[in-house]
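Take a look at the structure below.
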Amino acid sequence: MSANYLDGLNDRQREAVLTLQGPLMIIAGAGSGKTKVLTTRIAHLMRNGVDAFNILSLTFTNKAAKEMKERVEKILGSNEARNLYIGTFHSVFARLLRADAPKMGYPSDFTIYDADDAKSVVKTIINELNLDDKHYKPNLVYNRISAAKNSLIGPEAYQVDYYLQQEDQRASRPLTGKIYDMYVKRCYKNGAMDFDDLLFKMYQLLKGFPDVLAKYQHKFKYIMIDEYQDTNPAQYEIVKLLGAVHENICVVGDDAQSIYSFRGATIQNILQFEKDYDDVKVVKLEQNYRSTKSILHVANEVISKNKGQIEKNLWTDNVEGDKIKLVRTNTDNEEGKMVADSIAELKLRNHFANRDFCILYRTNAQSRSFEESLRRQAIPYRIFGGLSFYQRKEIKDFIAYLRIIANSRDEEALKRIINYPVRGIGKTTIEKVSIFANDQNITFWEVLERANEFGFKGGTLEAIANFVIMIQSFRVMLDKHNAYEVAVQVGKSTGIVKELFNDKTTEGLARYENVQELLNSIKEFTETPTEDGELLDDKSLGIYLQQITLLTDADNTNDENSDVVKLMTIHASKGLEFPVVFNVGLEEGLFPSGLSINSREELEEERRLFYVAVTRAKSRLFITYANSRYRFGQLQQNEPSRFLEEIPEKYLDRSYAGGGLRNSASMGGGGGASWGTMFDKRKAPGAPAGPSRPAQQEPRPRVISSPAATNHTPSANFTADDPANMEVGMDVEHQKFGFGKITSMEGAPNNRIATVMFPKAGGEKKIMLNYAKLMIVRQ
DNA sequence: CGATCAGTCTTTTTT
DNA sequence: AGACTGATCG
């Protein structure tokens with residue numbers, strides 16, 4: 001009865017929680033207790049008589065939604081919270097669309113295409129138009145389509161939009177609009193929506209069907225939106241429509257943490273919220289409960305370099321804490337080693353657990369050197385992001401069967417498994433089916449069903465017929481059996497499970513286990529009733545498929561009890577916090593990304609990203625960068641990131657050498673051979689080697705290949721030397737060309753080109769030192 | 001038809 | 001360096 005859940009709030013937080021009516025904007029600085037405010041506010045609404053069914057709460061990740069629901073339940077001490085409409089934009093809209101999709105000609109259990117499926121459709125269309133897919137890159141075209149949808153521009157509008165047409169002309173891809181048009185029609189024919197459709201179609205539904213709009217306007221009397229700074233125009237318009245009647249809209253966000261513009265998000269949504277409604281109340285949460293003063297100082301300094309922010313002053317009562325440790329290494333591998341050594345040492349000296357550490361990088365590709373070094377130290381780790389469980393090949397293959405069972409129009413799924421496992425339906429046949437389907441304007445599946453009418457004969461016809469019968473038998477089964485039982489049957493009938501079981505390689509074993517895990521997850525799903533008690537029987541398969549498509553890696557694998565070091569991109573770390581954070585790869589071209597330094601807007605977004613990275617840390621923060629690293633197979637020399645210059649020297653500790661076990665960062669510069677790590681990396685293949693393959697107890701990292709990818713090098717101790725040290729007259733070794741002598745040298749200091757005489761490899765060759773790997777044999 | 005191999009191309013972040 | 005594609009051979 002008593003509202004003692006209000007007791008733990010500070011004044012600002014309480015004000016936000018108590019403001020229930022009218023438009024409200026909460027500017028929530030990093031670590032300011034945003035989730036607490038959101039959940040308490042929902043609880044407070046419910047305590048004040050608002051029915052959970054009338055509250056819509058949109059979050060950025062599924063995990064955040066789940067967490068909020070649990071916390072509301074805890075505050076209220078009841079399970080009423082299960083009736084809240086809470087989830088990501090995409091998952092909530094998918095659920096709403098299920099009810100009304102037929103109004104727009106889609107099946108209610110429409111398939112949701114993930115980015116891979118969507119790109120595949122785009123590619124098919126590009127090929128059908130006989131366009132060169134090297135000019136019309138499916139990726140680029142798809143991104144363009146995606147951006148259009150997120151701005152609510154349909155194919156018709158796209159093709160008459162002067163500005164967009166100009167852009168496509170300039171990129172010499174004038175037919176992009178045409179592809180867009182065909183893409184939309186093809187998805188429709190396939191009974192499928194892509195990620196962006198979940199927003200676009202939702203908008204069209206509300207716009208095109210006033211009764212539906214009225215229904216939801218009435219239903220959602222209170223709307224809350226988290227991470228508002230990362231919403232796009234489509235989301236903005238939908239929210240505006242839904243909230244138009246009651247105007248009880250509460251948005252929460254932090255303009256300083258807007259990092260998703262590449263996905264169509266626009267920071268303008270939050271900057272202009274005050275102008276969108278009359279009498280907007282603004283509450284700023286400025287007290288940070290997460291980080292030390294040192295960390296917060298750095299964060300504030302960094303973000304102050306951006307222009308046009310909502311004014312705020314983030315402060316904390318926490319201790320001063322250690323200075324930020326700034327560490328420079330020679331190479332990316334040394335960076336990895338330094339981080340792993342430091343983790344080992346901190347565990348030893350300060351009794352940190354593995355789970356207290358997080359390594360944050362700008363791009364997924366950077367994980368490699370950390371994986372290697374952590375393995376060498378036998379420190380268990382887990383990579384978040386990248387492929388989600390459901391995007392692994394073996395899982396996607398299996399799921400493709402379920403998809404085609406649930407929706408016979410799903411051409412992408414069909415093409416994926418029509419010949420997996422091999423059953424004699426090859427490329428030529430698929431091509432033919434495709435052409436018939438397009439000509440007759442029927443689905444791929446229908447052509448298969450009526451294969452004899454289209455002139456297929458002999459073995460091919462038989463193979464098709466058997467396939468069709470098998471899929472039909474699964475569909476029949478679905479009437480009396482749940483999704484799990486059908487899935488098990490699929491595994492049996494197709495022979496997939498058996499095939500994987502018989503593959504005794506490490507990868508094969510992992511794949512087999514993954515499929516078993518998939519079956520378990522289906523079982524769990526079929527045995528758990530939905531939130532609003534929806535009956536699951538016949539529809540369950542379609543709903544299951546829709547849900548898993550919207551899951552990300554970070555959503556489902558976040559078991560707090562596993563004690564592992566976490567690795568992820570900064571984007572993926574949004575909303576999380578860790579006692580010790582390593583922010584790595586602070587180099588020009590990498591962070592800020594070389595693709596984002598050409599406009600003020602892009603650069604500022606990179607800076608916000610850095611701000612996000614810094615504010616993830618609770619007590620200790622390391623920032624690292626390397627003089628050189630391999631990128632796309634080439635050795636690159638990098639300048640330190642410009643962001644580092646923006647941090648006042650007084651907040652930095654540059655003396656940290658890394659782990660204390662060995663000084664891995666012998667300050668580059670002059671002197672020839674240095675590099676403490678030069679030798680331990682490549683224990684010659686035959687050498688007795690210590691823990692050559694540690695970490696058996698690893699928490700099953702994703703299926704990664706080759707633990708110790710040893711290059712088959714001419715010399716056992718081959719090491720690429722720093723180009724800066726090379727001079728005319730030196731004897732050198734090249735991985736491919738063998739031994740040679742440098743006869744002359746040219747080019748700019750940072751891009752030197754050596755002419756090398758290789759007696760055994762056809763004489764003189766010009767070698768770009770930044771790219772090729774040369775080792776100095778004799779100076 | 002399908003598996004293997006060499007040659008080509010990429011080059012940010014993700015619901 | 002790694003993924004992907006196209007060509008070649010069984």
Side-chain angles (χ1 to χ4, degrees), chain A residues 58-65 87-94 112-116 118-119 123 133-134 137-140 142-143 146 149-150 193-199 227 230-232 234-235 258-265 332 360-366 368-369 384-388 390-391 393 419-430 459-460 463 547-555 568-574 585 589-597 602 605-606 608-610 612-613 629-636 704-706 709 711 720 735 771 773:
Chain A
L58 298 168
T59 61
F60 197 71
T61 62
N62 293 296
K63 190 186 135 223
T88 63
F89 277 90
H90 291 83
S91 60
V92 169
F93 292 169
I112 297 175
Y113 278 170
D114 67 13
D116 284 339
K119 280 173 197 169
K123 193 174 173 189
D133 60 12
K134 283 182 183 128
K137 291 180 185 157
N139 226 327
L140 293 178
Y142 170 69
N143 286 342
S146 173
K149 286 187 179 177
N150 282 323
M193 296 193 195
D194 65 18
F195 282 151
D196 306 312
D197 282 333
L198 295 177
L199 306 180
E227 308 283 9
D230 284 319
T231 52
N232 64 36
Q235 292 164 326
S258 165
I259 54 174
Y260 277 96
S261 74
F262 69 92
R263 213 169 79 188
D332 45 357
L360 293 178
Y361 35 75
R362 175 70 242 264
T363 66
N364 281 306
Q366 282 166 265
R368 198 212 87 247
S369 64
F384 288 82
L387 282 192
S388 94
Y390 297 100
Q391 288 172 312
K393 188 185 170 301
N419 202 29
Y420 170 78
V422 177
R423 54 173 68 87
I425 305 179
K427 221 167 126 189
T428 332
T429 308
I430 293 173
T460 308
Q547 287 190 1
I548 59 174
T549 310
L550 297 172
L551 286 181
T552 63
D553 190 32
D555 287 330
M568 63 185 86
T569 64
I570 301 167
H571 281 90
S573 76
K574 193 158 99 157
L590 223 206
F591 194 14
S593 159
L595 300 171
S596 303
I597 52 175
E602 288 175 315
E605 179 149 323
E606 293 284 311
R608 289 194 293 270
L609 198 52
F610 186 42
V612 169
R629 75 171 60 239
Y630 277 97
R631 266 188 105 187
F632 321 125
Q634 297 182 150
L635 187 67
Q636 289 194 340
I704 328 167
S705 54
S706 72
N711 290 338
Q735 277 188 301
Y771 301 153
K773 300 170 197 170

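So you know, we letter chains A, B, ... as the sequences are listed, proteins then strands, and number each from 1. Just so you know, these numbers use all the heavy atoms, side chains as well, and skip hydrogens, waters and symmetry mates.
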Worksheet item: To the nearest Å, how far apart are A/Glu227 CD and B/dT14 C1'?
Response: 14 Å
Fill in: Minimum side-chain heavy-atom gap A/Thr61-A/Glu227 below 4.5 Å
no
Worksheet item: Taking NZ from A/Lys134 and C1' from B/dT8, how many angstroms apart are they, rounded to a whole number?
Response: 8 Å
Practice prompt. State which of B/dC1, C/dT5, B/dT12 makes the closest approach to the side chain of A/Leu595.
Written response: B/dT12
Practice prompt. Counting heavy atoms from C-beta on, name the nucleotide in B/dT14, B/dT12, B/dA3 closest to the side chain of A/Val422.
Written response: B/dA3
Discussion item. Side chain of A/Tyr260 only, heavy atoms from C-beta on: which candidate in B/dT14, B/dT10, B/dT13 is closest?
Written reply: B/dT14
Discussion item. Any non-hydrogen side-chain atom of A/Gln235 less than 4.5 Å from a side-chain atom of A/Leu58?
Written reply: no
Fill in: A/Leu198 CG - B/dT15 C1' separation (whole Å)
9 Å
Fill in: Between P of B/dT10 and CG of A/Asn364, the distance in whole Å
20 Å
Fill in: Listed nucleotide nearest any side-chain atom of A/Glu606, set B/dT10, B/dT12, B/dG2
B/dT12
Worksheet item: For the pair made of CD in A/Gln547 and C1' in B/dT15, what is the distance, rounded to whole Å?
Response: 15 Å
Discussion item. Using whole Å, what does the distance between atom C1' of nucleotide B/dT12 and atom OH of A/Tyr361 come to?
Written reply: 13 Å
Item to complete: Pick the C1' atom in B/dT13 and in C/dC4, then give their distance to the nearest Å.
Response: 22 Å
Practice prompt. With the side chain of A/Thr428 defined as its heavy atoms from C-beta on, choose the nearest nucleotide among B/dT14, B/dG2, B/dC1.
Written response: B/dC1
Worksheet item: Are the side chains of A/Leu199 and A/Lys149 in touch, meaning some heavy atoms are under 4.5 Å apart?
Response: no
Worksheet, complete the sentence: Side-chain contact check for A/Phe262: nearest option of B/dT13, B/dT15, B/dC1 is B/dT13
Fill in: Side chain to side chain, A/Ile112 and A/Leu550, heavy atoms closer than 4.5 Å
yes
Fill in: Nearest-Å distance for atom pair NZ/P, residues A/Lys137 and B/dC9
10 Å
Worksheet item: Rounded to the nearest Å, what distance is computed from the CG atom of residue A/Asp116 to the P atom of nucleotide B/dT15?
Response: 13 Å
Worksheet entry | Nucleotide of B/dT13, C/dT5, B/dC1 approaching A/Lys123 most closely (side-chain heavy atoms) | C/dT5
Discussion item. Could you walk me through whether A/Gln636 and A/Leu590 satisfy the side chain to side chain contact (heavy atoms under 4.5 Å, CB included) test, starting with their C-alpha distance in whole Å, then the side-chain angles of each, then the deciding distance to 0.1 Å, before giving a yes or no?
Written reply: CA-CA 11 Å; A/Gln636 289 194 340; A/Leu590 223 206; over 6 Å; no
